[in-house]
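Step one of this worksheet: look at the structure below.
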Protein chains: 2
Amino acid sequence: MSHILLRNGLILSMNERREMFEGGDVLVENDIIKAVGAIPEESIPEGTEVVDVSGRMVLPGLVNTHVHLCQQLGRGLGDDVDLLTWLHDRTWPYELAMTEEDVHVSALACCLELIKSGVTCFAEPGGRHVDAMGRAVREAGIRGILARSTMDCGEGIRPEHRESTDEALAVQLELHDRWHDTAEGRIRYWMGLRTIFNNSNELLCRTKEIADARGIGMHMHVSEVKEEVDFARATRGASTVEHLNNLGVLGPNLLAVHTVWLTPRELDLFRLHDVKVSHNPGAAMRVLGFAHVPEMLARGICVSLGTDGAPCNNRMDMMDEMYLAAVIHKGRTLDPTTVPAERMLEMATVNGARAVLWDDQIGSLTPGKKADLIVIDPMNGPGSVPVHDPVSSLVYSMHSSNVTHSMCNGRWLMQDRVVAGLDEAAILAEAQERAGHIRRRAGIELKPRFPVVKVR
Amino acid sequence: MSHILLRNGLILSMNERREMFEGGDVLVENDIIKAVGAIPEESIPEGTEVVDVSGRMVLPGLVNTHVHLCQQLGRGLGDDVDLLTWLHDRTWPYELAMTEEDVHVSALACCLELIKSGVTCFAEPGGRHVDAMGRAVREAGIRGILARSTMDCGEGIRPEHRESTDEALAVQLELHDRWHDTAEGRIRYWMGLRTIFNNSNELLCRTKEIADARGIGMHMHVSEVKEEVDFARATRGASTVEHLNNLGVLGPNLLAVHTVWLTPRELDLFRLHDVKVSHNPGAAMRVLGFAHVPEMLARGICVSLGTDGAPCNNRMDMMDEMYLAAVIHKGRTLDPTTVPAERMLEMATVNGARAVLWDDQIGSLTPGKKADLIVIDPMNGPGSVPVHDPVSSLVYSMHSSNVTHSMCNGRWLMQDRVVAGLDEAAILAEAQERAGHIRRRAGIELKPRFPVVKVR
């Protein structure tokens, strides 16, 4: 048995009572949190690795409930263009030009950014080459839920990628068999649904049946843009959410992403059916609009946080997303007390764990749960000093650079900002090189923002 | 004569043609930019310090046109509370409890954050203990414009701080004589005006006369909150901007900060009189509302960027402010093409220099201008890799951690993230210690966000 003791820090447990232990300890035994609070000297097992965290904060690893691992190499391809250009001329051609190994490198580069910004668990909405993503997650040591982007109807699908409902489901069942509950339990597999634009009623209903039968979740973009809701009304006879409700798809195992254009009645439906929400503030600000987060929280809906993918948000950084989500809703409502820092931290931890149906094992520092945690140093730069209120400082002042250590399943993912097990410099160099090759293969040309003068 | 050559980088000159030199050089002679572009081997003076910047970007130092140096130790004191609590129970008592040496440490800590986030020039709206701030700026080596917070009427001023219009102006003239054009020309001094709530007509008019006569600017919070505009209408017979216009105060040397609540006609007045705007997106999102930045840019108004003070925004970080300003106006207008990255970079450099009336010497990498520049490494972390478009990557993906070097007036402020001339660790430790003492002296109690359990 291996033991690691984090000693004498400010422990933000996020447990049911939300206790903050000042000068507290966390004892990890193998992959499990053994004890939190005061660990008497005599109960520290021999051979324990002791890490002094005085002056630092320890909290549960952050949960990113919506991130496209396969889009990391397309970061910045969709900046400052309208939605159709973004989708048809940038993101889709780029994704289609990627090889299996491109996706592997993309996923590794994304895992690096996730780990360095405090994330220990994520949910992937599905892309191509799921096996390549799975390999990367296994190597990175992080916890994650994979899915496959699934479409069985509608426009925009190239002939070679068209598939029937049967085919779309069969491929996913096969991936579920291969990936679910692998890598010491760190990897799970969920059913993917792209959007109402490309998902038939049959696919929606059969996906729900399978998810219920296998005890897993469904990951779907819902009410993302206004055009989607109009499309659903015109073609399905009801808004996206009402339609999902009519089909019986709403339920506690539906992770609904973005959910910007919800009516009050649809919010009530979410509450009624305990639908989980992934709020992605960066993507929302870039192209979508404001999700009604204060209204969701007031209803007791489980709202979590996600970053979305790199062509859409550019920052796969949950520390930034916490900040952004905390400020934009104040600006929209002109109420500086709305969505306070403590709610934000809940969204990024306990709510995230609930949203991905993993709250029995992660989301708080509670004895018996998996040892997924991060260490934060408020004093390692001028941007977070002084600290008067650690929770608000975490949300409003700190950056990913304040995250010094990360642990997943009892193993160090990062110590003193050095990621274990992955060669950061090599991965980033390869990511940069492949990114340009893919762009050229996809025929995407970006006009320089300013005139270029070639000197060398 | 000393020479420094930055060699073989991507030079974002921000000159009149906005040229980007690929594989370009910048030659610095003493405090001046001598040449930009291709520097032939034979024209490199002997003894030149050569810095290889291949793979990196070189751009003008960022200009922060509104930052309260004296508020740095109050970071996070005003989180998640309403505006009156923020002002009366938090910010004012805290500021009043600060000693001269507290302000000095506050200003040093703020300069550290500014330097490490790429700022080489700032404008301070005025606080107490201007001399202490001036000392800090002199020591830090950064460029800045000081002012004194000035109030001669209205509510909220404690008896011991009341002063007449004559007194308020006399103190400023004395400070102007002491600080203007000092520290090798790095420090300038401007006239301060707090807000219409606390500034009489006489103060406004005489301030304008003095500023015009001395060839300096005026730094004032304008149309910050809706209540301010209502107050001006009720007490001055016109909105803040119309009132300033009636008094003849609008002009090219007025730096108007926040300007959230402007009407289309007031925007036209700004354009007509070439009033300069400091947009502070972080503060706006926290408490104020959305400034109409796309509308200002469309009119050709000179919009610059500022961070505001630490109790108000928490991040004195222009890299974050560029990101925030670029995304929030897209969210508000639902137009992903509005306020594109290239406009944002102009706001943070050339517009900033114009806004502080210093564009003859700074704001672009142009031969003959002062050598104020920064070096950016896109590859030093997973958050900014890959780069497809350097300008959009800078605005949407990068953080202050990507800024590796900073130079002001031809002198290194920072190399490889190490700040020259300031003992970062010592300043931050002292800032943290003093911050708590001031809070206790001011009698400010912050309720813990979660229950505290004391272990040690």
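Labels below follow one simple rule: chain letters A, B, ... track the order of the sequence lines, proteins then strands, and each chain is numbered from 1.
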Can you tell me how far CG of B:Asp320 sits from CG of A:Asp320, rounded to the nearest 0.5 angstrom? 6.5 Å
Counting only non-hydrogen atoms closer than 4.5 Å, does A:Glu342 touch chain B with its backbone (N, CA, C, O), its side chain (CB onward), both, or neither? both
Please flag which part of A:Ala341 lies under 4.5 Å from any non-hydrogen atom of chain B: side chain, backbone, both or neither. both
Which atoms of A:Ser401 come close to chain B, meaning under 4.5 Å heavy atom to heavy atom: side chain ones, backbone ones, both, or neither? neither
For A:Leu345, which atoms come within 4.5 Å of any heavy atom of chain B: side chain, backbone, both, or neither? side chain
By a 4.5 Å heavy-atom criterion (distance strictly below it), what part of A:Tyr396 contacts chain B: side chain, backbone, both, or neither? both
Give the minimum heavy-atom separation between B:Pro336 and A:Arg286, together with the two atoms involved. CB-O, 3.5 Å
Which bit of A:Leu334 comes within less than 4.5 Å of chain B, counting heavy atoms only: side chain, backbone, both or neither? side chain
For chain B, find which of A:Arg332, A:Arg439, A:Gln432 contributes the most heavy-atom pairs closer than 4.5 angstrom. A:Gln432
Hey, could you give me the CG/CG distance between A:Leu324 and B:Leu324, rounded to the nearest 0.5 Å? 6.5 Å
Please look at A:Gln72 and chain B and tell me whether the side chain, the backbone, both or neither of the residue comes under 4.5 angstrom of a heavy atom of that chain. both
With a 4.5 angstrom heavy-atom cut-off, could you sort out which part of A:Met316 is near chain B: side chain, backbone, both or neither? neither
Which of residues 447-456 of chain B have a heavy atom under 4.5 Å from any heavy atom of chain A? B:Pro448, B:Arg449, B:Phe450, B:Pro451, B:Val452, B:Val453, B:Lys454, B:Val455, B:Arg456
Please state whether the side chain, the backbone, both or neither of B:Leu112 comes within less than 4.5 Å of a heavy atom of chain A. both
For chain B, the option from A:Leu446, A:Val387, A:Asn313 that forms the most heavy-atom pairs under 4.5 Å: A:Val387
So for B:Glu346, is it side chain, backbone, both, or neither that comes closer than 4.5 Å to the heavy atoms of chain A? side chain
Using non-hydrogen atoms and a limit below 4.5 Å, what part of residues 9-18 of chain A faces chain B? A:Met14, A:Arg17, A:Arg18
Just so I understand: if I count every heavy-atom pair under 4.5 Å between each of A:Ala429, A:Ser384, A:Ala326, A:Ala425 and chain B, which residue has the most? A:Ser384
Residues B:Pro382 and A:Ala109: closest non-hydrogen pair is CB-O, 4.2 Å
Sort A:Asp335 into side chain, backbone, both or neither according to what part of it lies under 4.5 angstrom from a heavy atom of chain B. neither
Smallest heavy-atom separation, A:Thr337 atom then B:Asp82 atom, equals CG2-N, 3.8 Å
